[in-house]
Each structure stands twice: as C-alpha cells, then as structure tokens.
Visitor: 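Structure provided below as structure tokens; questions to follow.
The structure displayed is predicted, hence computed values, not measured ones. Note that the numbering runs from 1 along the sequence shown for the chain.
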Amino acid sequence: IPILMYHSIEKMPKSVLMRSMHVPPNRFNFQMWLLKILGYKGLSIKEIKPFLDGEKQGKVVGITFDDGYQNNLKNAAPILRKYGFSATCYIVSDCIGSFNSWDFDKGLPKLPLMDKSDIKKWLEYGMDIGAHSKSHIDLTQINKKDLIKEISSCKEDLEKLFNVEVTDFCYPYGRFNEFV
C-alpha cells in the first residue's frame, strides 16, 4: 500500500532551495484528482492501518504531511475534503504556532506552522495528527534520556492539547538507527 508524504503545500519561486519539499496547490489538487479517478481512497495513517494489517482490502493510499505547516490546513485540507480523503499531519509539539526553525541553517524559507486553533480545525475536518518529536531534532544525535523525552512528551503534549489519541510517530529527517 503506497504512502504519500508531503511537507508544504505552497507555490514557491524557482530560486527556493529544496523546492521539491513544496508542492503547489494546483499540482496537489491534480494528484488527489488523479488518485480519485483511478479509484483510490486517500486515508490517514490511523484509517489505513486495517488495510496495512490485512484486516481490510481496497484501493487505498496513505497521505501524510510532516511538520505541521499552516499551508497544510489552508491549501491541502480543502482539496482533501473535496475528494473525501483524510490525512495525517505530524506535529512538532514545541513548535505549534511557530516556524520551521530547523530549516534556517539550510537557507530554506521561514514558514508558519499551524497554531492550536489551526490544528483543532484540521481535526474537525476529519483529518488526523501524529507525533513528530518535541523539537524536530535529529534523534540519532541525542542521548537516550533526551530521545525518550522527544518522543513520549510529544505524544503526551498532543493528546492533552487536542484530546485525541496519538498512535503514530514520524521520524524527523527520516533518520533512525537500531537504538532509535
């Protein structure tokens, strides 16, 4: 079962570094439209789990967003709703309502992250959230005590703030090792 991972749904100038991390809304709409006409149903990770576990069958695809950019709510959520799809947004709990500070040293544009009311709206739209650590640190570079705090505290913070069960975790930078 394919899982599509996005970050920012925003049109960016050609000069922006790592521009491929930003999908223009019209291209995202085309991708969702194409999935729909091909007979796929876009689902959050929570909703796709029974398919991954072999409990259900069907033409499904998982849709996720890393980091919790505000443009996920503004640009992606209306498109997802238009096609009857859902998605999971992985939230950096200590950065809610802030910016993508982990990208500054790479020369990437400063983009707002969803605040509490944005995330509540995301959830009201039938979308889901997951944990993406407290601070978006490379988990392979920290000690065991900090690692446990980054992961478990993020989950606890999100569950407390939004009164939802957080069952999914996405590694910042996609990096992990045997210990992590």
Visitor: Count the heavy atoms of every other residue, nucleotide or ligand shown that sit under 6.0 Å from CZ of Phe104, and state whether that count exceeds 12.
Guide: yes
Visitor: Could you pull out all residues at least two apart from Phe28 that satisfy ring-ring contact (aromatic ring centres under 6.0 Å, His included)?
Guide: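 So Phe28 forms a ring-ring contact (aromatic ring centres under 6.0 Å, His included) with Tyr6, Phe65.
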Visitor: Find the distance between OG (Ser8) and CG (Asn72) and round it off to the nearest 0.5 Å.
Guide: 7.0 Å
Visitor: What residues form a side-chain contact (heavy atoms from CB on, under 4.5 Å) with Asn143, not counting sequence neighbours?
Guide: Lys145, Asp146
Visitor: Restricting to pairs with a member in residues 160-180, which pass salt bridge (Lys or Arg N to Asp or Glu O under 4.0 Å), not counting sequence neighbours?
Guide: Asp138-Arg175
Visitor: Any side-chain heavy atom of Lys49 sitting closer than 4.5 Å to one from Glu55?
Guide: no
Visitor: Measure the CG-CG distance between Asn100 and Leu108 for me, rounded to the nearest 0.5 Å.
Guide: 7.5 Å
Visitor: When rounded to the nearest 0.5 angstrom, what is the spacing between CG in Leu113 and CG in Leu73?
Guide: 12.5 Å
Visitor: Within the side chain of Asn71, is there an N or O that forms a donor-acceptor pair under 3.5 Å with the backbone of Ile9?
Guide: yes
Visitor: Looking only at non-hydrogen atoms, find the nearest pair between Ser133 and Cys154 and report the distance.
Guide: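 Minimum heavy-atom contact is O-SG, 3.2 Å.
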Visitor: Kindly say whether Thr64 contributes a backbone atom to a donor-acceptor pair with the side chain of Thr88 at under 3.5 angstrom?
Guide: no
Visitor: Do Leu80 and Ile119 belong to the same hydrophobic cluster, where Ile, Leu, Val, Met, Phe, Trp and Tyr are linked whenever their side-chain heavy atoms lie under 4.5 Å apart, directly or via other members?
Guide: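 Yes, it is one cluster - the side chains of Leu80 and Ile119 are joined through contacts under 4.5 Å.
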Visitor: According to a 4.5 Å side-chain heavy-atom criterion applied to Ile, Leu, Val, Met, Phe, Trp and Tyr, with indirect links allowed, do Leu38 and Phe51 form part of one hydrophobic cluster?
Guide: no
Visitor: Flag yes if Met127 and Ile129 sit in one hydrophobic cluster, no otherwise; membership is Ile, Leu, Val, Met, Phe, Trp, Tyr, and two members link when side-chain heavy atoms are under 4.5 Å apart.
Guide: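 Both belong to a single hydrophobic cluster.
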Visitor: Check for me, please, whether Leu139 and Val166 land in the same ILVMFWY cluster - side-chain distances under 4.5 Å, paths through other members count.
Guide: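 Unlinked, Leu139 and Val166 end up in two clusters.
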Visitor: If you compare all heavy atoms of Pro24 against all heavy atoms of His22, which two are closest, and at what distance to 0.1 Å?
Guide: CD-O, 3.7 Å
Visitor: Can any side-chain N or O of Lys41 pair as donor or acceptor with the backbone N or O of Gly84 at less than 3.5 Å?
Guide: yes
Visitor: Measuring from atom NZ of Lys120 to atom CG of Asn163, what distance do you get when rounded to the nearest 0.5 angstrom?
Guide: 9.5 Å
Visitor: So for atom NZ, which belongs to Lys59, do other residues, nucleotides or ligands contribute more than 12 heavy atoms lying within a distance under 6.0 Å?
Guide: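 Correct, the count exceeds 12.
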Visitor: Sequence neighbours left out, what passes salt bridge (Lys or Arg N to Asp or Glu O under 4.0 Å) with Glu159? Give chain and number order.
Guide: Lys155
Visitor: Please enumerate all residues that pass side-chain contact (heavy atoms from CB on, under 4.5 Å) together with Gln57, with sequence neighbours excluded.
Guide: none
Visitor: Are Tyr125 and Leu123 in one and the same hydrophobic cluster, where Ile, Leu, Val, Met, Phe, Trp and Tyr link if side-chain heavy atoms are under 4.5 Å apart?
Guide: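 Same hydrophobic cluster.
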Visitor: Check ring-ring contact (aromatic ring centres under 6.0 Å, His included) between Tyr173 and all other residues, then give those that pass, not counting sequence neighbours.
Guide: His136
Visitor: List the residues meeting ring-ring contact (aromatic ring centres under 6.0 Å, His included) with Phe169, not counting sequence neighbours, and say none if there are none.
Guide: Tyr171
Visitor: ring-ring contact (aromatic ring centres under 6.0 Å, His included) with Phe30: which residues, sequence neighbours excluded?
Guide: Trp33
Visitor: Looking at Val60 and Ile1, what are the two nearest heavy atoms and their distance?
Guide: O-CG2, 3.6 Å
Visitor: Around atom NZ of Lys149, are there more than 12 heavy atoms from other residues, nucleotides or ligands closer than 6.0 Å?
Guide: no
Visitor: Under the side-chain contact (heavy atoms from CB on, under 4.5 Å) rule, what do Ile45 and Ile3 come out as? Steps first, then yes or no, please.
Guide: CA-CA 9 Å; Ile45 296 302; Ile3 307 287; 4.0 Å; yes
Visitor: Output all residues satisfying side-chain contact (heavy atoms from CB on, under 4.5 Å) with Asp105, sequence neighbours left out; order by chain, then residue number.
Guide: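 Here no residue qualifies.
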Visitor: Begin from the C-alpha positions of Leu158 and Ile96 and carry the test side-chain contact (heavy atoms from CB on, under 4.5 Å) through to its verdict.
Guide: CA-CA 10 Å; Leu158 295 174; Ile96 293 171; 4.0 Å; yes
Visitor: Can you name the salt bridge (Lys or Arg N to Asp or Glu O under 4.0 Å) partners of Lys134, sequence neighbours left out?
Guide: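 Residues passing salt bridge (Lys or Arg N to Asp or Glu O under 4.0 Å) with Lys134: Asp94, Asp157.
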Visitor: Side chains of Cys89 and Met114: does their closest heavy-atom pair fall under 4.5 Å?
Guide: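 Yes, close enough: below the 4.5 Å cut-off.
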Visitor: I need the minimum non-hydrogen distance between Cys170 and Asp66, along with the two atoms involved.
Guide: SG-OD1, 3.3 Å
Visitor: Taking side chain as C-beta onward, heavy atoms only, is Met12 less than 4.5 Å from Leu111?
Guide: yes
Visitor: Please collect all ring-ring contact (aromatic ring centres under 6.0 Å, His included) contacts where either partner lies in residues 139-163, sequence neighbours excluded, each pair once.
Guide: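 Every pair satisfying ring-ring contact (aromatic ring centres under 6.0 Å, His included) with a residue in residues 139-163: there are none.
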Visitor: Could you state the interatomic distance from CG (Asp118) to NZ (Lys74), rounded to the nearest 0.5 Å?
Guide: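 The NZ atom of Lys74 is 11.0 Å from CG of Asp118, to the nearest 0.5 Å.
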Visitor: If you define the side chain from C-beta out and look only at heavy atoms, does anything of Met32 sit under 4.5 Å from Ile63?
Guide: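 Sidechains of Ile63 and Met32: in contact.
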Visitor: Working note: Leu161 + Lys116, criterion side-chain contact (heavy atoms from CB on, under 4.5 Å); need CA distance, chi angles, decisive distance, verdict.
Guide: CA-CA 8 Å; Leu161 282 170; Lys116 277 178 65 175; 3.7 Å; yes
Visitor: Show the nearest heavy-atom pair for residues Ala131 and Tyr90, with the distance to one decimal.
Guide: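 Of all heavy-atom pairs spanning Ala131 and Tyr90, the closest is O-CD2, 3.5 Å.
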Visitor: Verify the neighbour count for atom OH of Tyr83: are there more than 12 heavy atoms of other residues, nucleotides or ligands below 6.0 Å?
Guide: yes
Visitor: For residues Ser44 and Ser86, report the shortest heavy-atom separation together with the two atoms involved.
Guide: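 Looks like N-OG, 2.9 Å.
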Visitor: About how many Å separate CD of Glu150 and CD1 of Ile142, when rounded to the nearest 0.5 Å?
Guide: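 Here the interatomic distance stands at 5.0 Å.
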Visitor: Is a side-chain N or O of Asp67 found less than 3.5 angstrom from the main chain of Tyr69, in a donor-acceptor match?
Guide: no
Visitor: Suppose we screen for side-chain contact (heavy atoms from CB on, under 4.5 Å). Which residues come up paired with Lys82, at least two apart in sequence or across chains?
Guide: Asn29
